[in-house]
Novice: 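Handing you a structure now.
Along the sequence shown, residues are numbered consecutively beginning with 1. From a predicted model like this one, the values you see are computed outputs, not experimental measurements. Below, all heavy atoms of this structure are taken into account, side chains as well, without hydrogens, waters or symmetry copies.
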Amino acid sequence: RAAAAAAKKAKALNLKELSVALPPGDRRENSRAVVEGIALALYEFKRYKSKKDALKLREVRVDGDAEGVRLGEIYSRAACVTRDLVNEPPGDCTPRRLALAARAVARNGIRIRVYDERQIRKMGMGALLGVAAGSSQPPRFVHLEYRPPGARKTVALVGKGITFDSGGLCLKPADNMLNMKDDMGGAATVIGIFSALPLLRPRVRIHGIFPATENMPGCSAFKTRDVLRTLNGKTIEIQRKPELKVHFRDVDQSHLVLGVRAFDVFDKRRWAIQVLAEASPLLRLGDRPPIAAWIRRSCPHRPAPEAVQ
């Protein structure tokens with residue numbers, strides 16, 4: 001954090017050079033942390049800006065461990081690959097765009113297979129096809145594999161690749177939909193990690209897997225009570241059962257129906273939160289003191305907050 005603060009200050013002062021001396025401790029780890037802090041603090045996504053201010057900081061010197069500096073640069077570049085994908089607008093970062101981004105990192109020992117809509121249907125991925133049914137963008141299913149010689153362990157990384165999640169026919173409230181382009185962050189993380197593997201060269205076999213699709217309310221979108229058949233043969237009935245209704249004062253929506261079985265309530269601005277429906281014992285209401293006190297006063301017949309799971 002100190003290195004990040006120094007980098008931001010150097011940028012604000014339009015400095016051309018920055019030198020950093022490490023604090024006491026593990027030189028390799030501190031070198032890595034300093035490089036990551038500086039690089040990620042200076043990150044900007046400028047692809048769609050009409051005016052792009054050039055960074056005047058041209059040289060950063062770190063008096064530290066060479067391997068730590070190298071690792072810090074690799075990790076930072078991988079993080080920026082992920083950030084770039086997440087920052088892209090949903091009209092550009094489509095399922096096919098995510099698949100192309102995965103192909104771009106498939107080099108130097110990394111294999112890739114991208115399944116198109118026809119192959120997804122042939123494999124029987126009914127749940128993925130169901131989510132994609134309302135979108136004009138065809139889905140993709142991506143499998144990356146890093147297999148170094150002599151690997152004895154295997155790790156699988158699975159990411160979520162919903163490039164825009166409108167909620168389908170069960171539309172999300174407008175404010176909740178604002179950042180639903182970020183629902184592909186898991187897939188972007190997988191791509192970012194694989195971009196670093198040829199340089200890190202871990203002696204572990206690694207699989208990177210993600211589905212990529214939009215969830216849109218088109219005329220062919222799946223409906224509540226539809227039944228989808230998944231790859232493993234299980235069937236899923238689509239339901240949206242309201243289990244809890246919460247009123248938030250000072251927000252635009254008069255109420256929000258949460259059709260989930262587990263969630264945390266955070267009152268960041270200490271808005272008054274009123275539980276209007278019977279709370280299922282399976283719902284986790286959190287342990288924030290104002291909420292716990294309200295439950296004790298208003299729901300004496302319910303379990304104590306610490307027992308509500």
Novice: Under 4.0 Å between a Lys/Arg side-chain N and an Asp/Glu carboxylate O for Arg61 and Glu17?
Specialist: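 Salt bridge flag = yes for Glu17 with Arg61.
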Novice: Can you measure from CZ (Phe210) to OG1 (Thr189) and round to the nearest 0.5 angstrom?
Specialist: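 These two atoms lie 11.0 Å from each other.
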Novice: Tell me, do Leu57 and Leu42 make a side-chain contact under 4.5 Å, heavy atoms counted?
Specialist: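 Yes. Closest side-chain heavy atoms under 4.5 Å.
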Novice: Determine, for Glu67 against Arg70, whether the closest basic-nitrogen to carboxylate-oxygen distance falls under 4.0 angstrom.
Specialist: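 Looking at Glu67 and Arg70, the cut-off is met.
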Novice: Should Glu88 and Arg47 count as an ion pair when the cut-off is N to O under 4.0 Å?
Specialist: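 Here Glu88 pairs with Arg47 in a salt bridge, since their nearest N and O are under 4.0 Å apart.
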Novice: Are Arg113 and Glu145 close enough for a salt bridge, meaning some N to O gap below 4.0 Å?
Specialist: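 No, no charged N to carboxylate O under 4.0 Å.
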Novice: Is the shortest side-chain N to carboxylate O distance from Arg28 to Asp65 below 4.0 Å?
Specialist: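 Salt bridge present between Arg28 and Asp65.
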Novice: Cation-pi check, Arg83 to Tyr43: give yes when NZ or CZ is under 6.0 Å from the six-membered ring centre and within 45° of the ring axis, no otherwise.
Specialist: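 Yes, a cation-pi geometry holds between Arg83 and Tyr43.
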Novice: Is any side-chain N of the basic residue among Asp116 and Arg140 closer than 4.0 Å to the acidic one's carboxylate O?
Specialist: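 No, no charged N to carboxylate O under 4.0 Å.
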Novice: Let me confirm one number: the OG1-CE distance from Thr163 to Met216, rounded to the nearest 0.5 Å.
Specialist: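 Going from OG1 on Thr163 over to CE on Met216, the span is 9.0 Å.
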Novice: Show your working on side-chain contact (heavy atoms from CB on, under 4.5 Å) between Gln239 and Thr224 and close with a plain yes or no.
Specialist: CA-CA 5 Å; Gln239 293 186 7; Thr224 53; over 6 Å; no
Novice: Do Tyr48 and Asn87 have side-chain atoms, one donor and one acceptor, less than 3.5 Å apart?
Specialist: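 Note: Tyr48 and Asn87 side chains miss the donor-acceptor criterion.
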Novice: Measure the spacing between CG of Leu157 and CD1 of Ile191 and express it to the nearest 0.5 Å.
Specialist: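 Nearest 0.5 Å value for the CG-CD1 distance: 12.0 Å.
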